[in-house]
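Working notes for the structure below.
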Amino acid sequence: MKKRIYLASPHMSGREMDFVQEAFDTNWIAPLGKNVDLFEKEIAQRVDRKYAAALVSGTAAIHLGLKWLGVGQGDLVFCSSLTFSGSCNSVMYEKAIPVFIDSEYESWNISPAALEKAFEWAKKNNKMPKAVITVNLYGQACDYDAVCEICDRHHTPILEDAAESLGAKYKNRPTGSFGKLSALSFNGNKIITTSGGGMLLSNDENAIKKAKFWATQARDNAPHYLHSELGYNYRLSNVSAGIGRGQLTALEERVAQKKAIYDRYKEAFKDIDDIEMMPVPKWSQPNFWLSCMTLKEKSRLSPMDIINKLAENNVEARPIWKPMHTQPYYSDYEFFTSKNDGELSIGEDIFNRGLCLPSDTKMTTEELDYVIGLVKELF
Ligand SMILES: *Cc1c(COP(=O)(O)O)cnc(C)c1O
């Protein structure tokens with residue numbers, strides 16, 4: 001059996017152990033320590049934010065971000081539907097009500113037209129959302145000029161879920177710098193990893209101070225253990241942060257490698273009429289975290305035909321995220337689309353016709369060509 005080819009797996013730079021060793025040598029095997037402080041500083045600098053809190057996951061970052069925005073029981077939160085459940089699960093942790101927004105074809109991200117519809121509905125019902133969660137899917141920014149204009153006009157803050165998009169830009173501005181707050185993930189499959197981790201970022205010092213307070217069990221300033229608020233154990237360990245610092249030194253290189261993978265797929269499939277690669281709008285400079293494609297409607301093949309063929313040859317590919325409004329757990333919540341009643345939503349259409357191709361930066365050129373060959377054999 002050939003060596004397995006992965007969708008996206010951890011890729012060490014070789015510098016991680018130096019930072020981890022330092023944590024061991026100084027016995028800072030704890031949440032907090034020099035690596036945590038510097039990792040926060042280095043990431044904040046990278047995405048043009050003033051303040052950052054390193055946390056155990058991207059989900060924890062979104063959770064504390066929503067809490068800072070005052071999201072609580074019965075509040076509405078708008079969220080892009082075509083995403084991973086980590087984007088919206090925190091809405092449920094706070095017993096708030098998610099309202100899902102469809103995508104646009106141009107970027108696969110939140111549709112300004114659908115978002116506007118949702119705001120009109122909210123206004124009519126006299127209940128505005130407390131926050132809008134935007135997602136930068138597969139490492140591509142949403143159309144922030146349009147989305148920010150709408151949210152500003154309706155006085156609703158944005159929480160940017162940049163879990164998949166570290167290193168990507170929107171009109172030369174780094175993702176992770178949009179909205180009142182933004183969340184990053186360093187889960188094992190993301191472009192850089194701490195083996196599990198996340199970060200909440202903001203230019204509001206109080207937001208990050210409060211997030212750190214909640215993340216360390218909400219201990220009040222007293223010699224004994226005094227709690228006037230509910231706390232969480234959400235801080236990233238100093239060992240994990242060491243891995244993150246080593247990983248961050250390779251971010252630029254990883255983005256270039258991911259782009260090269262996408263470009264090679266695009267070139268290889270340009271003569272296959274059935275295949276379209278995920279579009280990249282003019283304003284977008286993705287990190288190409290995952291190279292995704294769709295099959296044209298008329299294709300005799302389905303995404304699962306390609307995924308299965310690759311799986312038979314020990315190559316990992318995946319379907320597109322299944323839109324949240326079609327998930328059994330979330331199916332009762334409101335959903336807004338720019339499409340007409342009775343028409344298939346854009347998110348469902350992309351899900352039905354799309355898949356994520358192997359985008360592992362450890363793939364050799366030969367392995368990538370092998371994957372391309374397997375896909376081409378089907379046509
Ligand atoms: C990975 C991911 C998250 C959650 O991050 P974790 O670190 O796994 O908790 C949230 N949103 C999106 C879009 C993600 O891809």
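Atoms within each ligand, like the ligands themselves, are counted from 1 in listed order.
Only one option out of Arg15, Arg245, Lys34 pairs with Glu22 in a salt bridge (charged side-chain N to carboxylate O under 4.0 Å, His left out); it is Lys34.
The ring-ring contact (aromatic ring centres under 6.0 Å, His included) pairs that include a residue from residues 356-379 number zero, where partners must be two or more places apart or lie in different chains. Within the structure, the salt bridge (charged side-chain N to carboxylate O under 4.0 Å, His left out) test picks out the following pairs touching residues 59-82 (sequence neighbours left out): Asp75-Lys130. Listed by first and then second residue, the side-chain hydrogen bond (donor to acceptor under 3.5 Å, both in side chains) pairs involving residues 284-297 are Gln140-Ser284, Asn172-Gln285, Asp273-Lys296 (not counting sequence neighbours).
Remark: Arg173 qualifies as a cation-pi partner of Phe178 under the 6.0 Å distance and 45° angle criteria applied to the six-membered ring.
Within 4.0 Å of ligand 1, contacts by protein heavy atoms are made from Ser57, Gly58, Thr59, Thr83, Phe84, Gly86, Ser87, Val135, Asp161, Ala163, Glu164, Ser185, Asn187, Lys190, Gly197.
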Mind running ring pair (Phe, Tyr, Trp, His ring centres under 6.0 Å) on Phe288 and Tyr262 for me, showing each step along the way? CA-CA 7 Å; Phe288 297 96; Tyr262 175 93; 4.6 Å; yes
